[in-house]
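Pasting a structure below so you can have a look.
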Amino acid sequence: MTNRTSSPSIWFDLWMEGCTNSLLLFETMAAVPIVVNARMPMIGAAALDPLTGNWTELHKMVAEKTEVFLQAGLSITRDMQAIGSEMLRSSRSAKGAAASSARIRHHAIGAAGRALAPIHAAATGNASRLQAQR
């Protein structure tokens with residue numbers, strides 16, 4: 001979920017989160033072809049002549065993908081664990097139940113955006129960096 005305060009209406013939160021996630025997804029999708037078009041010739045050149053390949057970039061690519069998707073997976077795991085824990089917690093009052101519901105809503109609504117954030121950061125960062133190198 002974004003860093004704004006939660007509104008009283010779940011529908012507004014859902015709409016705002018959907019808009020934010022759509023923007024992150026669109027920016028990620030726009031960055032991917034830039035990164036692929038910059039890296040595919042590097043991969044081909046390294047395959048044809050391993051001694052002159054850009055191994056720094058190629059190693060970075062593999063390590064970065066591993067790290068980014070690990071972060072995304074951990075983010076989803078944390079949100080699902082928090083939802084499960086919150087669902088098992090008993091509440092003795094209406095106020096406690098409402099607070100618990102708000103915490104569940106926060107984790108459920110924001111899970112996709114938090115998981116996409118590291119992928120978005122890596123893809124858009126690489127696109128900017130690789131475009132500047134041209």
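Since we're looking at a predicted model, the values are computed, not measured.
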Quiz item: From His106 NE2 over to Ile83 CD1, what is the distance, rounded to the nearest 0.5 angstrom?
Solution: 9.5 Å
Exercise. Return the minimal non-hydrogen interatomic distance between Ala123 and Val35, and the atom names on each side.
Key: O-CG2, 3.7 Å
Quiz item: When clusters are formed by joining ILVMFWY residues with side-chain heavy atoms under 4.5 Å apart, either directly or through shared neighbours, do Ile104 and Ile76 land in the same one?
Solution: yes
Self-check item: Distance, nearest 0.5 Å, that separates OG of Ser85 from CE of Met80
Solution: 11.5 Å
Show which side-chain atoms of residues 42-53 pair as donor or acceptor with protein atoms under 3.5 Å away, not counting sequence neighbours.
unit_1: Asp49; atom_1: OD2; unit_2: Thr52; atom_2: OG1; d: 3.0
unit_1: Thr52; atom_1: OG1; unit_2: Asp49; atom_2: O; d: 3.3

Quiz item: Between Ala122 and Val68, what is the shortest heavy-atom contact and its length?
Solution: CB-CG2, 3.6 Å
Self-check item: Whether Thr20 side chain and Met16 backbone form a donor-acceptor pair below 3.5 Å
Solution: yes
Quiz item: Are Glu17 and Arg105 within salt-bridge range, i.e. N to O under 4.0 Å?
Solution: no
Exercise. Taking the side chain as every heavy atom from C-beta outward, state whether Gln133 and Leu130 have any pair of such atoms under 4.5 Å apart.
Key: yes
Quiz prompt | Minimum heavy-atom distance Ala111-Asp79, with the two atoms named | solution = CA-OD2, 3.3 Å
Exercise. Quick one: pull up CG in Leu116 and CZ in Arg114 and give me the separation to the nearest 0.5 Å.
Key: 12.0 Å
Quiz item: Quick one: do Arg89 and Glu86 make a salt bridge, cutoff under 4.0 Å?
Solution: yes
Quiz item: Looking at Thr28 and Ile119, what are the two nearest heavy atoms and their distance?
Solution: CG2-CG2, 4.2 Å
Quiz item: Shared ILVMFWY cluster between Leu25 and Phe69, side chains joined below 4.5 angstrom?
Solution: yes
Quiz item: Considering all heavy atoms of both residues, which atom of Pro118 and which atom of Ala72 are nearest to each other, and what is their separation?
Solution: CG-N, 4.0 Å
Quiz item: Are any non-hydrogen side-chain atoms of Arg39 and Met61 less than 4.5 angstrom apart?
Solution: yes
Quiz prompt | Approximate separation, where rounding is to 0.5 Å, of Ser75 OG and Leu70 CG | solution = 11.0 Å
Quiz item: How close do Thr124 and Glu27 get, heavy atom to heavy atom, and via which atoms?
Solution: CG2-O, 3.9 Å
Quiz item: Counting distance only, does the side-chain N/O of Ser22 pair as donor-acceptor with the main-chain N or O of Gly18 below 3.5 Å?
Solution: yes
Self-check item: Residue list, side-chain hydrogen bond (donor to acceptor under 3.5 Å, both in side chains) with Gln131, at least two apart or on another chain
Solution: none
Quiz item: Between Trp55 and Met40, is there a shared hydrophobic cluster once you connect ILVMFWY residues whose side-chain heavy atoms come closer than 4.5 Å?
Solution: yes
Practice problem: Treat each ILVMFWY residue as a node, draw an edge where side-chain heavy atoms are under 4.5 Å apart, and state whether Met29 and Leu24 are in one component. | Solution: yes
Quiz prompt | From Lys60 atom NZ to Glu67 atom CD, the distance as rounded to the nearest 0.5 Å | solution = 12.5 Å
